[in-house]
Amino acid sequence: MRVIPSSLLSHVRGLIRRGPSSRWYVVPALSRTNITISHSEQVKEGTFDYKSLELNEIGVLRVLNSMKDDPYLALSFLKRIEGNVALPSVQAYATVIRIVCGWGLDQKLDTFLVELVRKGDAGRGFSVMELLNAIGEMEQSLVLLIRVSTALVKAYANLEMFEEAIDIFFRTYHSLGRAPDIKALNFLLNRMIASGRTDMVVGVFWEIERLGLDADAHTYVLVVQALCRNDDKEGVDKLLIRLLNSETRNPCVFYLNFIEGLCLNQMASMAYLLLQPLREVNILVDKSDLGIAYRRVVRGLCNEMRIEDAEKAFLDMEEHGIDPDVYVYSAIIEGHRKTMNIPKALDIFNKMVKKRTRINCVIVSSILQCCCQMGNFSGAYVLFKECRELNIPLDRVCYNVAFDALGKLGKVEEAIELFREMTGKGIAPDVINYTTLIGGCCLQGKCSDAFDLMIEMDGSGKSPDIVIYNVLAGGLARNGLAQEALETLKLMEDRGVKPTYVTQNMVIEGLIVAGKLDEAEAFYESLEHKSRENDASMVKSYCEAGCLDQAFERCIRLEFPLPKSVYFTLFTSLCSEKDHISKAQDLLDRMWELGVKPEKSMYGKLIGAWCRVNNVRKARQFFEILVTKEIIPDLFTYTIMINTYCRLNELKQAYALFQDMKRRDVKPDVVTYTVLLNSNPELDMKREMEAFDVKPDVVLYTIMINRYCKLNDVKKAYALFKDMKRREIVPDVVTYTVLLKNNPELDLTREMKAFDVKPDVFYYTVLIDWQCKIGDLKEAKGIFDQMIESGVDPDAAPYTALIAGCCKMGNLKEAKMIFDLMIESGLKPDFVSYTTLIAGFRRNGFVRKAFTLMKEMLEKGIKPTQASLSAVHYAKSKAKGLR
DNA sequence: ATAGGGTTAG
């Protein structure tokens, strides 16, 4: 942007067209207008009342000049003649402007000039430059001329005619030797930023610098803002350096304003950056000034949610001997609260208490909010009572948080009691207080109490706002009072508070959650303007109420897209219900049709859902669809599918998918290898894992140890165990279980204690099982008792192990006893327990008993589990291998 | 002078 300086104004002085013209004006009577204009006593409205005037140009000027004591009259007189055959002359405008300006009516001047500029050259019959010249010709006062230029710059800025505004600004400077008011320039720069013309801002600024014109702190703030929007880091640096080296008349005031401006415009970080050098070069030497700056910056950083930076600045501030005031503490606490770092917020509060910093009710309400945000409503109330004990003056905000907490705890009566206490203390409640109480009442189904409060508030002369109506209508709906909810909508409308889609949605959601589906549908149908938000609300509410079919049908038939979050909610619900997974997939198709890009995590979710129900075929089909859309599933999705293939013993497919993922540059992790190695004892992945830099973890080690144990290669298993500990991978209870399963003579109890590994049911079961296998039933039972003693609750497995042991020893009576004991202790025998006992009976010749038991099992609907089946499968394959 | 509370949606 190049600004061409010009001194046109002085050149054209004297060239002004003047003199009489043949134009005639008809001026209608002023009294016919509604505008009350005259503030003056001398010129009465009635002056022109008797008839229309016919005036020539000179006459107009004469009239206008006679109105120099009444700018409003002059303005309206001009307006009158504007509407007529001939346009007012440039002199007429110049005269009026002089009058208005002379009276110091800057705002009037501003609006007048905006209108004038808007007309355009053709609309008014002269150019703005001609107007300026005309004023310059009549007027000797520099101040007045500057004032007109200033207003003109603002007018152009208002109309986003930036080139013209710049032109006037610099022309004024060059011809009058003084620039328009800095405020007009700032206004202009501000508008330029708002319209994204940041380049222009920078251009104008450097021209101002070049000419040595004064800019104020606000100007610099605007320029920094523009430079930041341009991503011009160098420019910012250049500007800041230039600022720090400049001679400013009152540097302290300037920099405090500058810092203030930066903070007000979300540039607190830069303000902080500036603070250090300013301190070092002793510009902000005064402790109080430095304190003002620091406190402002910390608050600014908090406002921008840069809480870490704020804390840094806070410490820095304390190091320089500046005490934070209550506002700084408040900002930091709020910063932590809003970023959900509640412990940190409470921590700051405790520090304040420890330092005996005075605590006021604002801090208290922040802290109470913190408790509530953590869901600790009773804690909030306790704290409130403590503060009350300490005689900290508490206000209606504080009380509000406290009785809101009571309401959320379901204690509405107490909440209302607290509210009465507050009003009793002379604290006048506001609409928010009532809203909180009404919300609390509705939450407890006390709708009539809610009505009473509404009436009470009405009586106190406070007018209900949209929120309180929303809460009431939604609350009524949620309690199934459809009729009353709708009446509330009517009532609010009658009282001039228009229900919004939020109101409607609260009613919709309330009704649906209350199970009033027909009423909700009817209400939806009754809406004159159904907004997208209403549809979204219907779908979401059906999801919330668990009506997935309704939610799905409604969502899928819409011809326009809903917000992504709606699809996400519905999709997630559908995925988690095993009979709705294919609908989840339909929903994705619909999203694609409507041009809504699904969240990437949704693909993985769907595949995961299919895998969870072992429908790996469907998972794979969808997987292939993704691939055609060039969507590559992530590591987790691949691993889930591989795991499912493994679980279903489709090892070839699992391995193929594993190769596929590597081909697509999806790097496997330790879980992927674990999954593969777990079900594929032939695989050796050691080298590959090293190549991918995947380090085995405790799970993988355990699997490998288990593998050697199963092959009865105790030496290798133990070597691996040692290797794992050497790598500082701490074994867990599974590792020990696996080791002990085949090598019960190992005594690892002490080591387990040292690693703080607690035995679990599996561990004990293995030990019991072993003892049974070697025929020491007594020891097995001893271990069982030990397990109970150590507080581990047995499940069916240890009982079954004992049953198996008894059967093996031919002690069927005891086996049956243990079986019954298990049922007595509240456990349900599973497929394995039954088959163990049945096999025992049969093997020992009690065929009839075996048969009865089998019948019982089938009657109870006990079926083999996946785990038991794969155990069978595994046993079979192992038997084959050994053969 | 500067700060904190009620509905939704996120």
Side-chain angles (χ1 to χ4, degrees), chain A residues 256 259-260 263-264 291-300 302-303 324-338 340 345 349 359-373 380 384 387 392 394-405 407-408 415 418-419 422 427 429-443 450 453-454 457 462 464-478 488 492 497 499-510 531-534 536-537 539-541 544 562-566 568-569:
Chain A
L256 284 181
I259 285 169
E260 170 84 28
C263 290
L264 278 173
I292 290 170
Y294 260 112
R295 290 185 199 110
R296 187 65 190 90
V297 166
V298 174
R299 275 168 32 224
C302 289
N303 274 338
D325 61 7
V326 67
Y327 298 99
V328 169
Y329 276 119
S330 185
I332 297 241
I333 288 174
E334 277 297 292
H336 284 308
R337 187 174 72 80
K338 285 182 196 139
M340 294 304 279
F349 176 69
I359 286 156
N360 64 20
C361 58
V362 180
I363 303 280
V364 171
S365 36
S366 272
I367 293 301
L368 295 185
Q369 273 288 95
C370 284
C371 295
C372 293
Q373 242 164 288
F384 172 82
C387 292
I392 298 171
L394 302 172
D395 63 1
R396 64 161 91 87
V397 178
C398 233
Y399 268 96
N400 195 67
V401 183
F403 57 67
D404 191 21
K408 300 230 160 80
L418 198 59
F419 170 78
M422 178 186 93
I427 300 170
D430 63 5
V431 181
I432 295 184
N433 293 136
Y434 280 105
T435 311
T436 304
L437 287 180
I438 286 174
C441 287
C442 292
L443 214 60
L453 283 163
M454 201 75 181
M457 186 182 79
K462 281 174 193 62
D465 64 1
I466 179 82
V467 178
I468 197 164
Y469 280 122
N470 288 354
V471 171
L472 183 62
L476 293 171
R478 207 164 263 268
T488 305
M492 64 192 281
V497 182
T500 66
Y501 76 84
V502 176
T503 323
Q504 296 157 356
N505 285 357
M506 288 183 73
V507 172
I508 289 174
E509 190 183 328
S531 70
R532 194 153 301 209
E533 280 80 6
N534 295 139
S537 179
V539 175
K540 278 199 155 181
S541 304
E544 192 188 336
L562 291 175
K564 255 189 200 180
S565 66
V566 180
F568 195 83
T569 306

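Rounded to whole Å, the distance from CE on A:Met422 to C1' on B:dG5 is 11 Å. Atom-to-atom, CD1 of A:Ile332 to P of B:dG4 comes out at 14 Å; the value is rounded to the nearest Å. When rounded to the nearest whole Å, the span between CZ of A:Arg296 and P of B:dT2 equals 11 Å. The nearest whole Å value for the distance from the CG atom in A:Leu437 to the C1' atom in B:dG5 is 12 Å. Look at OH on A:Tyr329: it is 17 Å from C1' on B:dT2, rounded to the nearest Å. Rounded to whole angstrom, the span from the CZ atom of A:Phe419 across to the P atom of B:dG6 amounts to 16 Å. As a whole-Å value, the separation of A:Leu443 CG from B:dG6 P is 14 Å.
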N/O-N/O pairs, protein side and nucleotides 7-9 of chain B side, under 3.5 Å:
residue: B:dT7; atom: O2; partner: A:Asn470; partner atom: ND2; Å: 2.9

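Closest non-hydrogen pair, A:Leu368 versus A:Ala380, comes out as CD2-O, 3.2 Å. Scanning all heavy atoms of the two residues, the minimum distance from A:Ser366 to A:Arg337 falls at O-CD, 3.6 Å. The minimum heavy-atom distance linking A:Ala415 with A:Gly407 is given by the pair CB-N, 4.2 Å.
As judged by a 4.0 angstrom heavy-atom cut-off over every strand, A:Lys564 is placed among residues making no nucleic acid contact. Contacts of A:Arg396 with the nucleic acid, taken as non-hydrogen atoms under 4.0 Å apart, include base atoms. Residue-level contact check: A:Ile367 touches neither bases nor backbone, having no heavy atom under 4.0 Å from any strand. Using a 4.0 Å heavy-atom criterion, one finds that A:Val364 contacts no nucleic acid atom at all.
Listed candidates were B:dG6, B:dG10, B:dG4. Nearest to the side chain of A:Pro563 is B:dG10. Here the side chain of A:Ser330 is nearest to one of B:dA3, B:dG4, B:dG6, namely B:dA3. Closest contact between the side chain of A:Asn433 and the listed nucleotides B:dG5, B:dT2, B:dA3 involves B:dG5. In this structure, the nucleotide among B:dG4, B:dT2, B:dG6 sitting nearest to the side chain of A:Arg299 is B:dT2.
The only member of A:Thr503, A:Thr435, A:Thr488 that meets side chain to side chain donor-acceptor pair (under 3.5 Å) when paired with A:Asn470 is A:Thr503.
Judged by distance alone with a 3.5 Å cut-off, a donor-acceptor contact links the side chain of A:Asp395 to the base of B:dG4. Between the side chain of A:Asp430 and the base of B:dG6, no donor-acceptor pair under 3.5 Å is found. Contact of A:Thr436 with B:dG6 (side chain to base): no donor-acceptor pair of N or O atoms is detected under 3.5 Å.
Note that the CE atom of A:Met506 and the CG atom of A:Leu472 stand 9.5 Å from one another [nearest 0.5 Å].
Salt-bridge check for A:Glu509 with A:Lys540: failed, with every basic side-chain N at 4.0 Å or more from each acidic carboxylate O.
Two residues are said to be in side-chain contact when any heavy atoms from C-beta on lie closer than 4.5 Å; A:Tyr469 and A:Pro499 fail this criterion.
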